Structures are given as structure tokens and as C-alpha cells.
Amino acid sequence: YAEQLTVTAELSYHWYAAKAYPQALRAAVRAGHDALRLFAFREAGRQFERALEIWKRLPDAAEVAGVPKHRLLCSAADAARWAGRIGQAVELAESAVSELDPMREPALAGEVYERLGSYLWEAGDHGGAERAYTTAADLLVDAPPSAAAARVLAVHATSHVRKGHTGDGLRLGRDALDMARSVGATAEEGRALNTIGIALSMQGRVEEGEAALRDAVRIAGSQNQLEDLFRAYGNLVYALEYSGQPDRAVAVAVEGLDRARLTGLEHTGGRVVLANNLCAALFLLGKWDEATRIIDQL
């Protein structure tokens with residue numbers, strides 16, 4: 001992909017400079033997705049921004065690009081989010097929502113609202129995130145089972161766990177897991193196991209919870225689901241700390257932070273949460289100086 005990205009990125013630039021906008025649009029979209037696959041999120045963002053700028057110049061942009069505008073906006077939002085520009089990710093996701101008619105395309109709109117909810121949560125707007133998640137669930141309530149519906153169901157399960165309703169969270173998490181498996185949605189299976197694992201851990205079912213969370217880490221890593229990967233690492237660290245195993249929690253947190261560095265995600269919200277969890281475990285072990293150094297680096 002690296003060689004392919006170099007070629008498509010150069011084509012995007014040269015076609016744009018030559019004002020050959022259809023060719024530039026196709027090249028920018030391809031280059032953006034090549035960059036996403038390489039975790040080159042800033043380059044992906046630049047390419048998607050160029051594609052969106054060109055879009056306004058072409059009456060048949062969707063046909064030329066090979067993707068509808070809401071999909072391009074969602075890709076741009078994801079690139080912005082992982083490049084550490086969460087505010088821009090929210091704006092792009094809101095633009096993607098505005099491109100869809102929820103009455104005519106409820107499943108698509110529900111999927112985009114779920115993404116918007118995730119960005120709002122990371123931006124610290126938890127109320128807005130809950131509203132977006134609720135809207136997503138409402139739009140998907142009558143839809144057939146799908147990966148998007150399983151993901152939204154897992155989100156609602158997580159919301160119950162956060163409120164301390166672990167029984168309800170566990171039940172909804174298992175429903176999400178069943179749905180994900182029924183439609184072959186492996187990534188969403190990992191998301192559901194993530195919620196199930198933390199719910200079990202908070203109920204004192206430590207071994208079951210840890211097993212589910214480790215499965216969630218494995219699946220998210222194999223599927224390149226970065227959001228789910230670092231959420232699973234964070235939950236596993238918390239579960240081990242909660243069950244009185246801070247030394248094992250530290251080892252898991254260090255492993256997660258190493259993976260964040262390898263993928264160039266040192267400054268994203270998921271990495272910060274994981275670093276905070278590591279500090280909490282280090283405090284429990286009396287390693288205050290080490291915890292303070294990590295806090296200073298955030």
C-alpha cells in the first residue's frame with residue numbers, strides 16, 4: 001500500500017494542479033483510502049479535504065468518485081479523529097448526517113449517527129453522544145439485523161454498564177453478540193465482547209470477564225478496529241485493577257500504549273484514557289514517580 005499511496009497521492013496533486021478535476025477527485029479518494037489502510041491519518045485527511053473541495057466543482061461528483069458524499073465525509077471524519085482533530089471529526093460527521101434522509105434511508109442514517117456519537121463522546125460531549133446513539137437506535141429499531149444494528153446495540157449495552165446497570169448491560173451485550181454472529185460481523189462481535197467483558201468483571205466474574213476482554217482485544221486488532229482496540233485495552237486494564245491485580249493491569253496498559261505508538265496514535269483520546277488507567281494502577285502499586293512522569297507526558 002505504501003508504494004500505491006505514493007503514486008495515487010502524486011496523481012491527486014498533479015491532476016488538481018492541472019485542473020483536471022474528475023481525475024483529481026478519483027485519485028484523491030483512492031489516495032485517502034490507501035492512507036487510512038497505512039494509518040497515515042494526516043495524509044488521508046489532506047486527500048479527503050481535496051476530494052471534498054473538488055466535489056463542489058463537479059455536478060456528477062458521486063458518479064466520478066465512486067462513493068456517495070456521506071461516505072466520503074465519514075472517511076474524512078475518521079481520518080480527522082485519528083489525526084487528533086476530534087472537533088473536525090464531529091463537524092464532518094454532522095455534515096454526513098445532513099446528506100441523508102432518515103425517513104428514506106434509516107439504516108444508513110443510523111450507522112452515521114452511531115459514528116457521530118462516538119466522536120461526540122471522545123470530544124467530551126457525553127449528552128450529545130447519548131442523543132446521537134439514541135437516534136441511531138431509533139432509526140435501526142425496525143431494520144433487519146446488520147453490523148450497524150449490532151454496533152448500536154453494543155453501544156446501548158455499554159451505556160447501561162457505565163450507569164452501573166451491569167445486568168442490563170450484560171443482557172444487551174449478549175444480544176449484540178448474537179446479532180453480530182448471525183450476520184458474520186466479526187468487528188461488531190469484538191465490540192459486543194468488550195461490553196460483556198467489563199460487565200462480567202464488574203459483577204465479580206473476573207476470569208470470564210478477562211477472557212471476553214482478551215477476545216475483544218484480539219478481534220479488534222485482527223480487524224484493524226482502532227477505536228475498539230484501545231477501548232478493549234482500557235477496559236481490560238480497568239477490570240484487572242478493579243479485581244485487585246494492578247501489576248497485571250500495568251503490563252496490559254504498557255502493551256496497549258506500545259501498540260498506540262506503533263500506529264502513530266500517541267495523541268488520541270483512546271491513548272490518553274489508557275495512560276490514565278496505567279497511572280491509576282501505578283498509584284495502587286506505590287509507583288508514584290513513574291505515574292507522575294506519564295501524566296507529565298500527556
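Each residue takes its place number in the sequence, starting with 1. For clarity, every value in this text was computed on a predicted model and none was experimentally measured.
In this structure the side chain of His14 never reaches within 4.5 angstrom of the side chain of Gln23, judged on heavy atoms. In this structure, Leu139 and Glu114 have side chains that are not in contact, with every pair of non-hydrogen atoms separated by 4.5 Å or more. Put simply, the side chain of Glu49 does not reach to within 4.5 Å of the side chain of Leu52, judged on heavy atoms.
Under a cutoff of 6.0 Å and an axis angle of 45°, Arg162 and Trp121 form a cation-pi pair.
Residue pairs meeting the side chain to side chain donor-acceptor pair (under 3.5 Å) criterion with at least one partner in residues 60-74, sequence neighbours excluded, are Arg71-Glu111. Identified under the side chain to side chain donor-acceptor pair (under 3.5 Å) test for residues 180-192, with sequence neighbours left out: Arg181-Glu189, Arg191-Glu227, Arg191-Asp228. Listed by first and then second residue, the side chain to side chain donor-acceptor pair (under 3.5 Å) pairs that reach into residues 126-139 are Glu130-Ser159, sequence neighbours excluded. Residues in residues 165-178 take part in these side chain to side chain donor-acceptor pair (under 3.5 Å) pairs, two or more places apart or across chains: Thr166-Gln203. Pairs of residues two or more places apart, or lying in two chains, that qualify as ring pair (Phe, Tyr, Trp, His ring centres under 6.0 Å) and include a residue from residues 236-261 are Tyr238-Tyr242.
Checked against side-chain hydrogen bond (donor to acceptor under 3.5 Å, both in side chains), Gln245 has the following partners two or more places apart in sequence or in another chain: Ser243, Arg248. For Glu94, the salt bridge (charged side-chain N to carboxylate O under 4.0 Å, His left out) test picks out no residue, with sequence neighbours left out. In this structure, His160 has no side-chain hydrogen bond (donor to acceptor under 3.5 Å, both in side chains) partners at least two apart in sequence or on a different chain. Taking Glu91 as the reference, nothing meets the salt bridge (charged side-chain N to carboxylate O under 4.0 Å, His left out) condition, with sequence neighbours excluded. The side chain to side chain contact (heavy atoms under 4.5 Å, CB included) test applied to Ala132 returns Tyr113, Leu116, Leu120, not counting sequence neighbours. Listed by chain and residue number, Ala27, Ala28, Gln47, Arg50 satisfy the side chain to side chain contact (heavy atoms under 4.5 Å, CB included) test with Ser12 (two or more places apart in sequence, or in another chain).
A salt bridge links Arg46 with Glu43: the distance from a Lys NZ or Arg NE/NH1/NH2 to an Asp or Glu carboxylate oxygen falls below 4.0 Å.
Other residues, nucleotides and ligands contribute only 12 or fewer heavy atoms inside 6.0 Å of the CZ atom of Arg42. Environment of CH2 in Trp15: sparse, with no more than 12 heavy atoms of neighbouring residues, nucleotides or ligands closer than 6.0 Å. Enclosure of atom CG in Asp142 is not indicated, since only 12 or fewer non-hydrogen atoms of other residues, nucleotides or ligands lie within 6.0 angstrom.
With 3.5 Å as the limit, one finds no donor-acceptor pair spanning the side chains of Asp125 and Tyr119.
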Item to complete: Could you go through the side-chain contact (heavy atoms from CB on, under 4.5 Å) check for Leu73 and Trp55 one step at a time?
Response: CA-CA 11 Å; Leu73 286 162; Trp55 197 282; over 6 Å; no
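Counting all heavy atoms, side chain and backbone alike, Ala136 lies closest to Val152 at CB-CG2, 3.9 Å.
Applying the under-4.5 Å side-chain rule to Ile, Leu, Val, Met, Phe, Trp and Tyr, the cluster around Val206 consists of that residue alone.
Within the model, atoms OG1 of Thr158 and CG of Asn235 stand 7.5 Å from one another, a figure rounded to the nearest 0.5 Å.
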